[in-house]
Amino acid sequence: MHNRIKGKSLWVLLICQLAITTWAAGQSTASQGSTVLWYTKPATQWLEALPIGNGRMGGMLFGGIRSEHLQFNDQSLVTGTTQKMGYYQPFGDVFVELDSVGPVRNYRRELNLQNAVHTVQYEANGVRFERIAFASFPDQVQVLHFSANKPGQLTGIIRLSDAHQAPVRIEDDKLMATGTLDNGMTHESQVRVMAKGGHVSVTAAGIRISKATTVTVLLAAGTSFINDESRNFTGLHPHPTLSHRLDKASKRSIEELKSAHTKDYQSLFGRVNLQLGVSGTEAAQPTPDRLAAYAQGKTDPALDALLFQYGRYLLISSSRPGGLPANLQGLWNAETKPAWYSQYTTNINVEMNYWLAEQTNLPECHMPLFDWTENLARVQKKSPDPALKTDKGWIIYSTNNTMGGTSGWHIHRPGSAWLSQHFWEHYAFGGDKTFLKDRAYPLLKAVTEYWVSHLVVGKNGKLITPDGWSPEHGPGRNEKDVSEYPGASYDQQIVYDLFTNYLDAARILGVDKAYCTKIDAMRNQLLGPQIGKWGQLQEWMDDVDDPNDHHRHNSHLFAVHPGRQIQPLTTPDWAKAALVSLKARGDKSVGWSSAWKINLYARLREPGHAYALVQRLVTPRDLKKTGYSDEGGSYPNLFGVGPPFQIDSNFGYTAGVTEMLLQSHAGEIDLLPALPTAWPEGQVSGLRARGGVTVAMRWKKGVLDQAQLRADRTGLFTVRYGQLVKQIRLVAGHPTTVNQALQ
């Protein structure tokens with residue numbers, strides 16, 4: 001399916017040809033500064049703890065000295081149903097409480113994004129202690145391993161607790177907690193402990209270890225949820241599966257467990273390397289110190305790159321094939337009633353989670369969104385809710401849970417069309433015609449059929465949506481105004497995008513030619529973008545926009561990004577108006593909104609303003625201010641500030657940086673379209689362009705030095721650098737190198 005994954009040796013050659021020596025060495029200060037988060041003291045709050053995840057199960061590690069705390073989640077543990085929204089839930093906690101070790105020196109905890117391993121090191125009483133932790137996708141367990149450089153130094157107790165007060169019992173030398181939520185979902189966690197040296201005993205209080213040299217703690221957790229609407233999302237009791245996972249993992253050494261985990265993870269993460277310049281001594285500082293210096297105006301391009309790679313790490317850790325999509329907090333949550341349910345909001349948030357998937361070479365991580373969307377469609381079509389009844393296609397509410405249950409807050413008619421865009425994009429980047437034929441096209445056509453039946457002719461003779469909305473406010477800037485407004489630009493632009501994607505898909509497959517003629521005519525008749533009295537791109541059909549409206553949503557700019565209707569090079573007047581609107585919105589906003597604006601400014605070829613928002617999202621925010629505000633930024637563990645924490649800020653940031661370096665939505669491979677002056681020297685490899693092309697670039701003094709393009713399929717490709725445009729023939733699997741003259 002993903003032929004580009006093959007031929008790794010070609011990319012070794014590519015990296016050598018581009019002289020990316022620091023990445024080849026992998027040990028320089030700059031590269032370490034771009035892929036390691038590290039701290040000189042344990043976390044005392046959740047937003048200081050560091051995340052691990054295997055796509056299904058996540059953990060937050062605090063790195064305490066006497067007590068390591070692992071707070072864990074499973075992405076399927078929710079209190080909702082197909083009819084009730086519910087909340088995403090915390091699962092439980094594992095505590096490893098060690099006996100006192102005396103005064104501690106040289107403490108360090110870190111999360112290495114290169115291998116997805118969390119490490120804690122310190123010295124006490126002349127002994128060097130180390131612990132590592134990771135969440136393994138191959139073995140489907142979380143692993144904590146404790147060691148000391150002298151024998152018999154580890155004594156303590158391991159405890160398990162359930163976030164829903166399920167009793168902890170002992171069975172087969174394991175700790176277990178089994179419970180059932182009010183919606184009937186069964187959940188279970190199991191902990192097994194192995195030690196070398198010393199003694200291990202199981203007591204009512206937990207698993208006791210005495211004078212061990214190494215200790216390995218294995219955690220497995222799961223629910224009775226099954227990702228299948230036809231079975232009402234209800235599967236078997238998780239106990240047999242969890243027991244099998246623990247039994248299998250416990251037979252493997254820590255070296256074998258870590259090796260399998262690292263190999264699997266690096267097969268995804270290692271596809272993209274990025275350096276945005278040398279940060280000097282800043283890159284060697286602890287992450288909080290780097291953040292503090294950044295807030296004082298110190299440049300740190302390696303920190304910009306670190307936050308980019310962190311987004312990729314978080315997506316790999318929270319979205320893997322066969323599982324659920326990353327939710328509003330990825331899969332990390334410690335609250336029983338998290339903000340906005342910590343589920344899936346479709347008027348920007350869940351879509352933004354996946355903007356980075358294709359372009360940063362993680363198409364596998366995109367797959368859970370497709371599975372969830374198809375299940376969602378089936379649930380909505382069966383819903384007894386009259387507001388969801390349609391003769392053709394399907395529509396949704398703004399917020400939905402893992403099983404298609406809704407919050408009941410405001411019908412979001414274009415939501416299914418926006419989700420369908422991701423199906424098209426997966427094909428546009430990867431070229432999988434089987435996916436296009438069997439999954440993308442049927443979905444695109446069904447949603448297209450809905451809008452064909454729903455559009456009306458307005459007083460201006462144009463086709464308009466009769467009951468539009470511009471999330472999440474009305475023309476009167478009233479947050480509670482969910483009145484219907486005909487011809488809202490948000491609706492119009494998404495329908496245009498839907499029709500365009502449908503027509504492109506049908507053309508490639510060579511199907512439904514007569515119907516395509518009808519859709520093409522309707523697309524041409526749609527009310528398009530309009531320029532208002534103060535030069536703005538209108539948000540509403542009527543020219544009522546307020547230039548002092550600083551609302552967080554950029555809904556009427558969908559046509560700029562993630563759409564492709566408005567482009568500076570082909571529709572300059574609309575692009576100019578979009579820029580007027582975007583500047584009027586202002587920079588001060590919540591994290592995800594700032595992330596969207598990075599993408600918008602990049603598409604509008606405004607690198608300076610895009611970078612100003614990069615700086616905004618990297619800037620640290622006070623942990624004491626956890627309530628709602630419009631600051632944005634990063635928490636100490638680099639989670640994006642919603643506030644509270646929302647992971648779409650992290651994901652949107654990574655997508656935005658990519659848009660600054662490479663674009664391909666306009667039918668061209670556009671190199672360095674929005675490179676800011678703050679990154680005068682840099683290099684990147686492994687980014688993806690639509691049409692199935694993998695791109696590596698190196699630039700010096702703000703100018704492209706060399707680029708290398710490797711296509712999945714032989715053909716002619718249009719390549720742009722600045723004002724220079726050339727057609728270049730690429731041969732499948734054979735890298736082609738060009739300079740700033742595209743020669």
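In this text the structure is predicted, and so the values were computed from the model without any measurement.
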Could you check whether Y485 and W540 have their ring centres less than 6.0 Å apart? yes
Indicate yes or no: at least one non-hydrogen side-chain atom of H561 is less than 4.5 angstrom from one of I566. no
Flag side-chain contact, heavy atom, 4.5 Å: F225 against L77: no
Is R439 salt-bridged to D371, going by a charged N under 4.0 Å from an acidic O? yes
Under a 3.5 Å threshold, yes or no: a donor from one side chain and an acceptor from the other, between H366 and H422? yes
Check this for me: does any side-chain nitrogen of one of R690 and E358 sit under 4.0 Å from a carboxylate oxygen of the other? no
Residues 386-404 vs salt bridge (Lys or Arg N to Asp or Glu O under 4.0 Å), sequence neighbours excluded, gives none
Do NZ/NE/NH1/NH2 and the carboxylate oxygens of K588 and E631 come within less than 4.0 Å? no
How about K84: does its NZ atom have over 12 heavy atoms from other parts shown lying under 6.0 Å from it? no
Tell me if the centroids of the rings in W332 and F645 come within less than 6.0 Å of each other. no
Flag the pair R564 and D504 as a salt bridge only when some basic side-chain nitrogen lies within less than 4.0 angstrom of an acidic carboxylate oxygen. yes
Quick test of your reading of the model: are E668 and R720 salt-bridged, counting only N-O distances below 4.0 Å? yes
Is there side-chain contact between W418 and I348, with heavy atoms separated by less than 4.5 Å? yes
How about Y441 and F423: are their ring centres within less than 6.0 Å of each other? no
So, D587 and R616, do they make that salt bridge, N to O below 4.0 Å? no
